[in-house]
Protein chains: 2
Amino acid sequence: MRPREFDHDDVLRVAFDQFWRKGVRGTSLSDIARDAGVQRGSLYNAFGSKEALFLQAYERYARDYLVALQKALGAGTLRKRLTTFFDLTIANFRSGSPPRGCPTTRGLMELGAAEGEGLDEDARKAFANLVSRITTLVEDTLSAGAERGEFSGNPAAAALHIITVTRGLAVLERAFGDEPQLRKIAAHTIDLVLGKGAR
Amino acid sequence: MRPREFDHDDVLRVAFDQFWRKGVRGTSLSDIARDAGVQRGSLYNAFGSKEALFLQAYERYARDYLVALQKALGAGTLRKRLTTFFDLTIANFRSGSPPRGCPTTRGLMELGAAEGEGLDEDARKAFANLVSRITTLVEDTLSAGAERGEFSGNPAAAALHIITVTRGLAVLERAFGDEPQLRKIAAHTIDLVLGKGAR
DNA sequence: CGGTGTATTTGACACGATGTCAAAAAACGT
DNA sequence: ACGTTTTTTGACATCGTGTCAAATACACCG
């Protein structure tokens, strides 16, 4: 056995950084190889293909992101928690300069099954997975809030609505790059879900 | 002058069909040339580049789509109009087999400015334009509804919220392909915006 | 009716990206 | 020390975008 000359996780981080900034299409394996100080062929040997590399890098990101979200959602009134949730979401889209947008949404649109083939089924599942988990997280938060009398309504329906809005925010971010607009939409959504005058 | 041997509009239709089904990345100019019965070089001569061709094809689509939307939004109660609006939106995403998704959202994510450069500014504007126009359309519908006492609230804020949801639906469609889910979200959104029990 | 100009068509070419493969290199266990 | 095994390395095949110059075909004008 010859040992690997590079750090697996380092490469995933470098790769995801590029994918996030420039998109999957806009990033070549040569770019990543140069940035990571690795030979292009080694990447193929270790990961198989560009898409497979992206998927591993994405899953690494998704894991970390979910943990951060979960942690941030753990304290305060329901309204406070939802505000924190949207703040984190928007901050994620607007991070970097220029802002990098939402990697999940972009990835879904860039890689989601191209033609009838449906070969990117793994990719689609990876994205759908993160969306599902976040939905569940929000639903649990709403259910807990309902038990404390901070919310009356269908937690599942409300959570789905909130997640839909966050996906929409990702798209509007890319279309207009108007952060105050995103914040307004978020605040309005919280008002709608909790009932305008509720506290 | 030598006259062109193909129909400009035919090519735009053939091209957009492919772009919509397979994405911009997944469609090569050779594909379009073959399908349209035109030489690849002629496309470059007539349109300049793949992206420019896509943009012209997209603008053609956007014009038609907006007209159809406007027409469909012209009659009935406010609730009925909003229902029609969401129905059309979802039908658009789900058209084709397999469903083609939302070309605007996909285009935004596929082409939106790659690196710091910002060369795709034209593309971004084209997408943002359609989104803006649809937002205005919904806002006008809400304002009219408000005058008839069918809606009380801020039409601009509500319209922005509705458009955000439609963008989110485009993403969820791609992630889960679950049409009943999309309909549920749409109905729930209408309830939230109009007030749950309102009629 | 034939020549001339002009835009389109056509095919060759350059370039860069993905992905494959076989040969070389480098550790680890025995 | 030696051989096995995996990684590395560089060459290669293929495909897609985009450019260019030569050939072509029509329209217009004399």
Side-chain angles (χ1 to χ4, degrees), chain A residues 1-12 14-58 106-107 110-115 117 119-120 122-123, chain B residues 1-12 14-58 106-107 110-115 117 119-120 122-123:
Chain A
M1 289 256 283
R2 175 177 178 175
R4 208 161 263 164
E5 289 182 6
F6 59 89
D7 185 83
H8 203 265
D9 214 60
D10 277 353
V11 170
L12 288 184
V14 167
F16 192 71
D17 175 65
Q18 301 228 6
F19 284 135
W20 197 357
R21 278 191 291 114
K22 306 186 292 182
V24 176
R25 175 193 195 183
T27 304
S28 76
L29 283 203
S30 306
D31 292 341
I32 294 168
R34 185 173 6 82
D35 239 58
V38 177
Q39 209 74 16
R40 199 171 60 90
S42 296
L43 296 179
Y44 279 100
N45 176 60
F47 300 99
S49 73
K50 181 175 168 175
E51 187 170 317
L53 167 57
F54 171 77
L55 242 61
Q56 282 194 44
Y58 175 77
R106 187 166 183 181
E110 244 187 318
L111 293 185
E115 182 73 324
E117 317 236 338
L119 281 169
D120 312 71
D122 289 344
Chain B
M1 287 257 284
R2 172 178 182 177
R4 205 160 265 163
E5 291 181 6
F6 61 88
D7 185 81
H8 203 265
D9 214 61
D10 277 353
V11 170
L12 288 185
V14 168
F16 192 71
D17 175 65
Q18 301 228 7
F19 284 135
W20 197 356
R21 277 191 292 113
K22 305 186 293 183
V24 177
R25 178 196 192 181
T27 304
S28 76
L29 283 202
S30 308
D31 292 341
I32 294 168
R34 184 171 11 80
D35 240 58
V38 176
Q39 209 74 15
R40 200 170 59 89
S42 296
L43 296 179
Y44 278 100
N45 176 59
F47 300 99
S49 74
K50 180 175 169 177
E51 188 171 317
L53 167 58
F54 171 77
L55 242 61
Q56 283 194 43
Y58 176 76
R106 187 165 182 179
E110 245 186 317
L111 294 184
E115 182 72 325
E117 316 235 338
L119 281 169
D120 311 73
D122 289 342

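None of these values were measured; they are calculated from a predicted model. Chain identifiers are assigned alphabetically (A, B, ...) following the order of the sequence lines, protein sequences preceding nucleic acid strands; residue numbering begins at 1 within each chain.
Nucleic acid contact for A/Phe6: sugar-phosphate only, since backbone atoms but no base atoms lie under 4.0 Å from a heavy atom of the residue. Using a 4.0 Å heavy-atom distance criterion, A/Ser42 is classed as a base contact.
One atom, CZ of B/Phe47, and another, P of C/dT8, lie 11 Å apart when rounded to the nearest Å. Per the geometry, CZ belonging to A/Arg4 stands 13 Å off P belonging to D/dT9, to the nearest Å. If you take CG of A/Leu53 and C1' of C/dG19, they are 14 Å apart, rounded to a whole angstrom. Atom CZ in A/Phe54 sits about 18 Å away from atom C1' in C/dA17, given to the nearest Å. Taking atom CG of residue B/Leu29 and atom P of nucleotide C/dT10, one finds them 16 Å apart after rounding to whole Å.
Residue B/Asp10 comes nearest to B/Asp7 through the heavy atom pair N-OD2, 2.9 Å, listed as atom of the first residue, atom of the second, then distance. Here the closest heavy-atom approach between residue A/Lys22 and residue A/Arg106 is recorded as O-NH2, 3.5 Å. Taking every heavy atom of both residues into account, B/Arg25 and B/Lys50 meet most closely at O-NZ, 3.8 Å.
Checking C/dT9, C/dA27, D/dT8 against the side-chain heavy atoms of A/Pro3 singles out C/dA27 as nearest. Closest to the A/Asn45 side chain, of the nucleotides D/dC12, D/dT8, C/dT8, is D/dT8. Looking at the side chain of B/Tyr44, the nearest of the listed nucleotides D/dA11, D/dT17, C/dT9 is D/dT17. Taking the side chain of A/Met1 as heavy atoms from C-beta on, and the options C/dA17, D/dT6, D/dT7, the nearest nucleotide is D/dT6. When distances are taken from the side chain of B/Glu5 to each of D/dT7, D/dG10, C/dT9, the shortest belongs to C/dT9.
The nearest heavy atom of DNA chain D to B/Asp31 and to A/Gly41 marks one nucleotide each, and the one closer to the 5' end goes with A/Gly41. Nearest-nucleotide assignment on DNA chain D puts the 5′-proximal partner with A/Leu43, out of A/Arg40 and A/Leu43.
Phosphate contact (OP1/OP2 of D/dG10, side-chain N/O of A/Gln39, threshold under 4.0 Å): present.
Within the 3.5 Å criterion, the main-chain N or O of B/Leu12 finds no donor-acceptor partner in the side chain of B/Gln56.
At a cut-off of 3.5 angstrom, counting only N and O atoms as typed in the model, there is no donor on one side facing an acceptor on the other between the side-chain of B/Arg25 and the base of D/dG16. One N or O donor and one acceptor, one from the side chain of B/Arg2 and one from the base of D/dT24, sit under 3.5 Å apart.
Note: B/Tyr58 and B/Phe54 have parallel aromatic rings, judged against thresholds of 30 and 60 degrees for the angle between ring planes.
Rounded to 10°, the angle separating the first-five-pair axis and the last-five-pair axis of the helix from C/dC1-D/dG30 to C/dT30-D/dA1 equals 10°.
When the ring-ring contact (aromatic ring centres under 6.0 Å, His included) test is applied to A/Phe47, the partners found at least two apart in sequence or on another chain are A/His8.
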Only distances under 3.5 Å count here; give the side-chain donor-acceptor pairs of residues 32-40 of chain A to other protein atoms, sequence neighbours excluded, each with its distance to 0.1 Å.
unit_1  : atom_1 : unit_2  : atom_2 : d
A/Arg34 : NH2    : A/Asp31 : OD1    : 3.0
A/Asp35 : OD1    : A/Gln18 : NE2    : 3.4
A/Asp35 : OD2    : A/Gln18 : NE2    : 3.3

